[in-house]
Structures are given as C-alpha cells and as structure tokens.
Amino acid sequence: MGVTNVSVSIGRRRLGPALALLAALAWLPGARADDALPQRWVSAGGSISEWVVALGGEDRLVGVDTTSLHPASLQELPSIGYQRQLAAEGILALRPDLLLGSEEMGPPPVLEQLRAAGVRLETLSAQADLATLEDNLTRLGALLGEPQRARQALAAFRSRLEAQEAWIAQAQRSQEAPGVLLLLGHPGGSAMAAGPDTAAAWLIERAGGRNLTTHSGYKALSSEALLALDPDVVIFTDRRLLEADEARQALLRQNPALASTRAAREGRLVALDPTLLVGGLGPRVPEGLAALSAAFYPASSPLPAETTPAR
Amino acid sequence: MTPALRPRSLFIALGLLLALALWGSLALGPVSLPLGETLQAALRLLGLPLGGSELNQAQLIVGQIRMPRTLLGLAVGAVLALCGVAMQGLFRNPLADPGLIGVSSGAALGAAIAIVGGAAFGGIPEAIAPYLLSLCAFVGGLAVTALVYRLGRRDGLTSVVTMLLAGIALNALAFACIGLFTYLADDATLRTLTFWNLGSLNGASYARLWPLLLVAFAVALWLPRRARALNALLLGESEARHLGFEVERLKRELVFCTALGVGAAVAAAGMIGFIGLVVPHLVRLLVGPDHRVLLPASMLAGASLLLLADLAARLVLAPAELPIGIVTALIGAPFFLYLLIRGR
C-alpha cells in the first residue's frame with residue numbers, strides 16, 4: 001500500500017501508467033504460481049518425448065534428441081543430437097527450463113554445465129518395466145501440472161497389458177507358446193539377434209512368446225546357430241519401413257539360412273518398428289504387443305481394439 | 001625447393017589466424033551473445049568489477065563453456081601438430097604421424113577398456129569414475145608406445161625401421177583388442193566408444209584441463225629446443241651423429257614427448273585425426289623444412305585450425321554438435337589432396 005501512495009504523488013499524467021504497472025505487480029504472484037512449472041522443455045529420450053506428447057505437453061517441447069521420432073511432428077523441432085553426446089551451449093541456445101532424459105543422458109561435464117546455467121535436469125529411467133513407467137508418468141504428470149491425466153494414462157496402459165495377458169492365457173490353451181527370435185536388421189550386414197537382457201526380449205515374453213537366445217545384448221548369429229534354434233516366429237526390424245512383403249524378401253535374400261527355418265516355411269516373419277525397442281516403455285508399446293501376440297497365435301482371433309480401454 | 005613464404009610473414013599470418021580463431025571460439029556459438037556482452041563478460045572474468053546481472057548468463061557461457069573449450073582446443077591442436085613434426089622428423093618421412101608409434105591405438109585401447117570394462121564391472125569408486133576414461137587412454141597410449149620403443153632397441157641402439165614395423169604390428173594387435181571389446185560392448189557403450197573415436201572438445205572443464213595444459217606447456221617448450229638436432233637428423237642418423245648430436249637421446253626424447261603429448265591430448269579430447277599429419281605438411285610446403293621455423297609455426301597453425309574446426313563442429317548442426325574428428329578429416333583430407341595435386 002505504501003507503494004501506491006508514492007505512485008499517486010508522481011503526478012496526474014504519470015498516474016495511468018503507474019497504476020497499470022501496479023496492477024501488473026499485483027498479478028505477479030499469481031502468474032508466478034503458474035510459472036513454477038517449467039515451460040520450455042528439451043527432451044533427450046524417444047519414449048519420454050512420446051509420453052510428453054501423449055500427456056498433452058507437446059507445445060512445451062522446444063528441442064528433442066535424435067531418438068525422438070514419434071510422433072512425426074517432433075522431427076520438426078530443433079535436434080540436440082544424440083543423448084549421450086549433448087552439447088551445453090547448443091541446448092542453452094534453446095533457453096530451456098527443463099532437460100528431460102534417461103540415465104544414459106550425458107556426458108556428465110555437460111550436464112554439470114547445464115545445471116550451473118540454471119536448467120532443471122530430470123532423469124527418468126529407461127528401464128523396460130511397469131514400476132519404472134509408473135514412476136516416470138507420475139513425475140511427468142507433476143511437471144506438466146496434469147497428475148490426473150498421467151494417472152489415467154498409466155491405468156489405461158496397465159489395463160491394456162492385462163487384457164493382453166488374459167488373451168494370451170486364453171490363446172495358450174489351444175496353442176503352445178512359440179519360440180521367437182528377434183533380428184535387428186542392418187541392410188547388407190548380418191542380422192543381430194536380441195538376447196534375453198534386451199527390451200526386445202521383454203516385448204517377446206509379454207506378447208506370449210519364448211525368446212530363444214541366451215547371449216547378452218545384440219549379437220550376430222551364425223547361419224548354423226540360426227538353424228539349430230529353429231524359431232517358430234522371426235521378428236525383424238526395418239528402419240526403412242518398406243512394404244512388409246518387400247522387407248521380408250530382402251531379409252531372406254540377406255540370410256539364406258533363414259529360409260529353411262520353420263518360421264520362414266510357415267510364413268511367420270513379422271515386421272516390427274525398431275523405435276519400440278529404444279528408451280523404455282513408450283505409449284505405443286501396447287499396440288505393438290497386440291500386433292506381436294496376434295502374429296504369435298494366429299489361430300486365436302485377435303483382441304479387438306474396442307475392448308481395450310482407449311484412455 | 002624454394003619456400004613460398006619468408007618465416008617472418010608466415011608468423012605474422014599465423015598470429016593473425018590464431019587471434020581470429022581465439023576470437024571466434026570465444027565470441028561465437030549456438031547462443032548468440034552481443035559482442036559487447038562477450039567483451040564485458042571476458043573483462044569480468046579477468047576480475048574487473050563490472051556491474052549488471054544480465055551479464056551472468058554471458059559470463060557463464062563465455063567463462064564456463066567457451067573458455068575451457070578454447071583452452072582445450074588450443075592445447076590439443078598445438079600438441080598434435082608439434083608431435084606430428086617430431087614424428088615426421090624422427091622417421092624422416094612426411095607421411096609419419098603420431099599414430100605410427102602406437103600412441104593413438106594404445107589410447108583407443110585404454111578407452112575401450114575403460115568404457116566397456118567400466119560398464120561391465122561397475123563398482124568403480126565415485127572419485128575416479130569421471131577420470132577413468134582419460135586415465136586409461138593416457139596410460140594405454142604410453143604403454144603401447146613404450147613397448148614399440150622397447151622392441152625397436154637392440155644393443156643400446158634404436159632402429160627406426162624396427163620401431164616402424166613394431167608400431168604397425170602393435171597397432172594391428174591393439175585394434176584387434178578394441179574389436180574384441182567392441183564385440184563385447186552393449187549398445188550404449190558401443191555408441192560411447194564410437195563417439196570417443198571421433199573426438200570432441202565438448203564438455204571441457206577447468207578441473208579436467210590442467211593436466212593437459214601442463215603437458216602441452218612442457219612439450220611446447222621442449223620440442224622447439226630440439227630444432228637443430230631435428231635438422232641434422234634430416235641428413236641421416238650417422239651424419240647427425242658426426243655433427244655432434246646425441247642421436248639416441250634425441251630419439252628417446254622425441255618418442256617420449258610424443259607419447260606424453262598425444263597421450264594427454266587424446267585422453268582429454270578423444271581421437272582427432274589429420275591435425276598431426278596435415279599441419280606439419282602444410283607448414284613445410286609454405287616455409288620449407290627448417291625445424292626452427294617448422295616447429296613453432298606448426299604449433300600456431302595446429303592450434304588455429306583445431307579451434308576453427310571446433311567452431312564449425314559446434315555451429316553447423318546447432319543445437320546438436322558434430323564430432324570434431326569428422327570436421328578435421330572432412331576439411332583436412334581434400335585440402336591435403338589439393339596440395340598434392342597442385343605440387344606436382
């Protein structure tokens with residue numbers, strides 16, 4: 001109030017602007033409460049960016065890393081490069097309040113520089129499991145000021161996975177779990193098979209398949225090893241997103257041994273979007289799982305999309 | 001062969017180039033700062049009590065991000081070019097580069113062990129974890145070089161030819177081991193390893209800078225003092241010996257300086273190719289082979305070119321960044337070819 005008195009004494013002509021200024025000052029505390037939520041976000045993780053968009057925060061993103069490919073609109077945003085090789089000044093040029101990323105984000109000296117420059121850093125785990133997802137969504141919801149929406153998204157994700165599980169249990173009564181091999185394709189090179197410690201293995205198991213490999217990470221398999229494993233289903237990834245048939249032919253040309261596996265004989269080569277395998281569980285995972293399950297158990301009628309609660 | 005330039009004009013030109021590179025490195029970046037603010041921030045860093053809180057951001061960017069990066073580029077560029085001259089003098093071959101005696105492959109092997117092994121075993125004490133990579137790279141470079149030198153020695157004499165061949169063999173061996181670690185690596189460590197091999201000045205900080213600055217300082221003081229001996233060595237080993245130079249000691253010093261300098265540079269910034277090979281070549285084309293000029297001129301040129309390459313690396317893809325090794329090779333290789341073709 002003391003301030004008001006001082007402004008009034010400034011004189012009649014200045015009174016208008018002075019009052020306007022006062023009014024603006026009076027609004028500041030209220031405005032600040034909204035500003036407490038970070039407004040300009042940079043996301044350094046594919047599935048994290050996807051969740052931000054799914055929770056309605058796309059307009060806050062001012063930059064994303066090279067793994068943020070979905071939805072396609074994110075590719076229009078400035079790219080901050082690869083998540084493990086971030087550049088402090090480049091990110092600061094985007095004037096972010098918040099940098100989101102997984103534990104793989106780095107290098108550490110750059111993160112320190114960003115922190116020193118007043119950028120808030122939030123590390124969400126890229127682990128592929130539901131407990132991690134719950135934690136991540138809760139934190140994203142709080143950061144967006146939309147805790148309710150985050151809870152709903154998590155519940156929907158959960159119930160879709162549960163419906164999927166029930167469907168698989170049903171399907172397994174009439175058909176044994178198929179042995180599955182996931183091959184990470186590199187056009188022209190030999191395909192790498194996913195080991196049991198990968199996100200790919202998580203997807204396979206969740207979709208009701210048995211992952212056949214025992215090595216760690218992604219390793220090239222010899223033709224003989226491929227024949228010995230004799231998978232019922234082979235999942236292959238193709239970044240060029242060719243027509244599935246064309247991609248299948250290309251895969252068989254590159255790995256002739258594959259043609260004599262049961263999977264190829266019975267025509268069970270399934271295409272998968274490789275971006276599902278990177279950076280933890282994204283919002284597109286339930287859909288991907290449903291597609292895989294349908295391919296694993298062709299005799300059972302696939303789970304109709306309607307029965308899965310959309311949101 | 002008549003040099004194209006007098007040494008004095010070359011030094012003036014290189015001095016201007018370095019000043020330009022320093023200015024660019026401090027004043028330009030993805031965050032565009034007005035020149036005035038950059039200057040004020042720089043003055044404040046020097047201790048002048050300039051007011052204004054809007055300078056804080058500028059001071060942070062210039063002082064904590066661009067300055068350490070510039071110092072790192074300066075030291076790495078200078079050391080790589082100097083050691084390149086030392087190696088070309090030692091092997092009396094303009095195609096020699098520091099990689100020849102195993103420093104680079106040794107450092108790369110050390111880095112591979114640190115990156116892949118560190119991820120596999122975990123449990124590394126917090127205190128050394130951030131330095132593990134640099135430490136392993138440095139030790140690896142030194143160890144392989146020591147082995148190459150040891151294999152080149154017989155009866156108190158160092159055979160440069162044997163060293164060359166031992167270097168080739170140990171490089172192959174080191175790369176085989178790196179291949180093994182690459183095979184064992186998971187996706188994340190593999191990407192780290194790949195990027196490390198492309199080099200970067202990104203994330204430079206004072207705390208990690210000073211060991212390199214010390215080594216760079218020592219190498220920059222030491223090698224130019226051996227200019228006359230290197231000149232004599234150009235005539236051949238026995239000629240140099242007859243001229244009164246201690247050739248065995250000189251060889252030892254050159255190898256040690258290179259191992260130390262390149263080892264420290266690679267440990268701080270990863271593998272940065274072409275500076276050690278192209279810069280001495282370039283300077284030799286400009287002023288001739290006199291090491292009294294060649295050494296300091298290469299040092300200036302190496303530092304300038306690396307800073308300019310880094311400027312390109314951080315501006316071209318901003319806000320992302322290009323590994324600097326890509327830039328130096330992309331610019332260095334075609335330029336080298338141009339010089340070769342023009343010189344014929």
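Chain A is the first sequence line, chain B the second, and so forth, proteins listed ahead of strands; every chain is numbered from 1.
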### Task
Considering only heavy atoms and a distance below 4.5 Å, find which of A/Arg95, A/Arg84, A/Glu112 pairs most often with chain B.
A/Arg84
### Task
Heavy-atom pairs under 4.5 Å with chain B are the metric here; pick the option from A/Pro78, A/Ala116, A/Ala93 that has the most.
A/Ala93
### Query
With only heavy atoms counted, which part of B/Arg208 is less than 4.5 Å from chain A, the side chain, the backbone, both or neither?
side chain
### Task
Measure from NZ or CZ of B/Arg191 to the centre of the six-membered ring of A/Tyr82, then state whether that distance is under 6.0 Å and the direction lies within 45° of the axis.
yes
### Query
Closest approach of A/Val110 and B/Gly203, non-hydrogen atoms and distance?
CG2-CA, 3.6 Å
### Task
Would you confirm whether A/Gln113, through its side chain, and B/Gln64, through its main-chain N or O, come within 3.5 Å as a donor-acceptor pair?
yes
### Message
How about CE on B/Met271, more than 12 heavy atoms from neighbouring residues, nucleotides or ligands closer than 6.0 Å, or not?
### Response
yes
### Task
Go through the atoms of B/Leu317 and report whether side chain, backbone, both or neither lie under 4.5 Å from a heavy atom of chain A.
backbone
## Note on the structure
Of B/Ile61, B/Ile65, B/Leu184, the largest count of non-hydrogen pairs under 4.5 angstrom with chain A goes to B/Ile65
### Query
What option among B/Val31, B/Leu190, B/Leu322, B/Leu315 has the most heavy-atom pairs under 4.5 Å with chain A?
B/Val31
### Query
In residues 17-26 of chain B, which residues are in contact with chain A at a heavy-atom separation under 4.5 Å?
none
### Message
Are more than 12 heavy atoms, taken from residues, nucleotides or ligands other than B/Phe217, located less than 6.0 Å from that residue's CZ atom?
### Response
no
### Task
Please determine, among A/Gly63, A/Ser79, A/Gly118, A/Gly106, the option with the most heavy-atom pairs under 4.5 Å with chain B.
A/Ser79
### Query
Minimum heavy-atom separation for B/Ala320 to A/Gly81, with atom names?
CB-N, 3.2 Å
## Note on the structure
Here the gap from B/Leu33 atom CG to A/Glu89 atom CD, rounded to the nearest 0.5 Å, amounts to 7.0 Å
### Query
Does any heavy atom of chain A fall under 4.5 Å from the side chain of B/Ala204, the backbone, both, or neither of them?
backbone
### Message
Does any backbone or side-chain atom of A/Leu86 lie under 4.5 Å from a heavy atom of chain B? Answer side chain, backbone, both or neither.
### Response
backbone
### Query
Are B/Glu321 and A/Gln85 side-chain neighbours, meaning at least one heavy-atom pair lies under 4.5 Å?
no
### Query
Checking A/Leu94 against chain B: side chain, backbone, both or neither under 4.5 Å from a heavy atom?
side chain
### Query
For chain B, which of A/Gly217, A/Pro108, A/Ser216, A/Ala117 has the most heavy-atom pairs under 4.5 Å?
A/Ala117
### Query
Any side-chain heavy atom of B/Pro319 sitting closer than 4.5 Å to one from A/Ile91?
no
